[in-house]
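For reference, the structure is listed below as structure tokens.
Side chains are part of it too, since the values below use all heavy atoms of this structure and drop only hydrogens, waters and symmetry mates. Just so we're clear, the structure is a prediction, and the values are computed from it rather than from any experiment.
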Amino acid sequence: MSGKYVGFVLAAIIALGIAGIAFRLLSTEGEGIRRLGGVSPLAPEVIDRVVMRDAERQTVVTKRDGGWWVDAYPAIGVRLEALWETAGRINDAELVATNSTNHDLMGVHPDNHTVLEFWNEGELVERFIVGDKQFAPVGERVITPWTATVRLCYLRRPDEVEVYSIFCEFPEPFGTDANFWKDPIVAAVPPDEIESVTFNYADESFAIRLIDSAWFIEDDQGTELASIEAVTNLLVELRQVVTRDFPSEDEAAALNWDEPHAVMAVGVREGSSASGVLLLFLQKGRDPEFYVRDSQKPWPYFLDEEATGYILKTRQDFVVVPTPAPTPFPTPRPGT
């Protein structure tokens, strides 16, 4: 029996076990479903900091300058929506366990839980122990508190053993990996609104420009028709440039943007819905990898060799390659 199959069977057993716990509890509750209740309002209007941490990682989402931030980066909107939507269900969480026997299976055990805190103006508003992970092992045991079948997260108050459940459409609405909360989009420009892209390097400067519905290469030597395939590929990539990683705070602080190794300016047509963007690139050591930053924003991103190669082009990349002339068939000699 393969490990994958064993994991699937175990997950199913755990899900059924938890469902059985809930059923037995509710079937013996003469007063019906018991809910958590007494929870302070948990909404972005009354909370200015959310802390999520486990034994390995921590994420702090902070309200600042009219927005929500994780470290120096804006937080992803869809993750924030999921956070507040899930937090809004906590007050109505349903009781599923009244002892600590299954805390590990529900991800609310000291060995595999997530601590969730809501703060306002330096005061702790609420703290919960949460089990919202798809994989929350204890030692070598495979434990899956959240499953696609049940779609529940589990929580309890730190000083109580009673465990409650809430609906979670996806796992880890209170995830502890900060990188999954940071907005990864470096730049996003609709391809049909771009009219020029200019590249500046220490040894080369050129532009590709849309002129009368055709793309041309422009530099000090003049103008020539550009490869439509190469231009199209670049414009598609500029639709959304996404980072592959985030520099650490120490890395970001050490970067000198006054002398970038490359500069890329994307110009848009007049009246476009998007704005043009100026991207600055700093090579990471001797590697063909770069830190990149929108010149209008202070936070940097990281692009590996593959991602950089998609957008950071040379003039030669846009030169039209002549199609080889077909080889003529030899003229047959008389009598053959």
Side-chain angles (χ1 to χ4, degrees), residues 57 59-80 177-191 193-209 230-231 233-269 272-315 317-318:
R57 295 171 295 200
T59 293
V60 180
V61 184
T62 306
K63 184 188 290 186
R64 186 171 75 242
D65 301 327
W68 289 88
W69 298 77
V70 180
D71 300 330
Y73 296 85
I76 303 175
V78 291
R79 291 224 60 172
L80 288 173
D177 189 337
N179 281 352
F180 286 104
W181 287 88
K182 299 173 184 177
D183 190 338
I185 298 176
V186 180
V189 187
E193 297 185 359
I194 298 175
E195 67 173 7
S196 67
V197 183
T198 304
F199 298 86
N200 287 296
Y201 305 95
D203 58 351
E204 180 180 48
S205 294
F206 70 97
I208 56 169
R209 192 177 306 278
V231 171
N233 289 340
L234 174 64
L235 299 185
V236 169
E237 292 297 329
L238 293 176
R239 182 195 304 272
Q240 192 172 85
V241 181
V242 179
T243 187
R244 301 298 177 92
D245 199 359
F246 297 88
S248 67
E249 290 186 21
D250 291 341
E251 280 183 286
L255 299 176
N256 180 11
W257 294 100
D258 293 334
E259 298 181 3
H261 294 106
V263 177
M264 179 184 189
V266 181
V268 297
R269 301 174 185 175
S272 296
S273 62
S275 301
V277 62
L278 183 68
L279 297 179
L280 310 177
F281 295 81
L282 284 175
Q283 191 166 1
K284 184 180 180 182
R286 296 183 179 181
D287 300 328
E289 301 175 332
F290 287 82
Y291 299 105
V292 59
R293 178 172 74 84
D294 183 334
S295 65
Q296 299 300 310
K297 301 172 183 177
W299 53 88
Y301 298 94
F302 174 75
L303 296 180
D304 62 19
E305 180 179 1
E306 181 182 11
T308 303
Y310 288 141
I311 61 172
L312 206 52
K313 300 295 186 179
T314 67
R315 185 189 189 283
D317 291 326
F318 298 101

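- Side chain to side chain, E251 and Y291 meet the donor-acceptor criterion of an N or O pair below 3.5 Å.
- Looking at F318 and L234, their side chains come closer than 4.5 Å, going by heavy atoms from C-beta outward.
- Residues L235 and V189 have side chains not in contact (no heavy-atom distance under 4.5 Å, counting atoms from C-beta outward).
- Between the side chain of E193 and the backbone N or O of S273 there is at least one donor-acceptor pair closer than 3.5 Å.
- Taking the six-membered ring where tryptophan is involved, the planes of H261 and F290 are perpendicular, since the angle between them exceeds 60° and thus also 30°.
- Inter-residue side-chain proximity for W181 and V61 is flagged as met; some heavy-atom pair is nearer than 4.5 Å.
- When side chains are defined from C-beta on, V186 does not count as touching D294, because their heavy atoms never get closer than 4.5 Å.
- Looking at L279 and V263, their side chains never come closer than 4.5 Å, going by heavy atoms from C-beta outward.
- T308 places no side-chain N or O within 3.5 Å of a backbone atom of E305 that could act as its donor or acceptor partner.
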**OP:** List the steps, then state whether side-chain contact (heavy atoms from CB on, under 4.5 Å) holds for L238 with V197.
**Re:** CA-CA 10 Å; L238 293 176; V197 183; 4.1 Å; yes

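- Using a 4.5 Å cut-off on side-chain heavy atoms (C-beta onward), T198 and V266 make no contact.
- Under the 6.0 Å cut-off for aromatic ring centres, W299 and W69 qualify, their centroids lying closer than that.
- T243 places a side-chain N or O within 3.5 Å of a backbone atom of F302 that can act as its donor or acceptor partner.
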**OP:** Please report the C-alpha distance between E204 and T314 in whole Å, then the side-chain angles of each, then the deciding distance to 0.1 Å, and finally whether the side chain to side chain donor-acceptor pair (under 3.5 Å) criterion is met.
**Re:** CA-CA 8 Å; E204 180 180 48; T314 67; 5.0 Å; no

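- Between L80 and V78 there is no side-chain heavy-atom pair separated by less than 4.5 Å.
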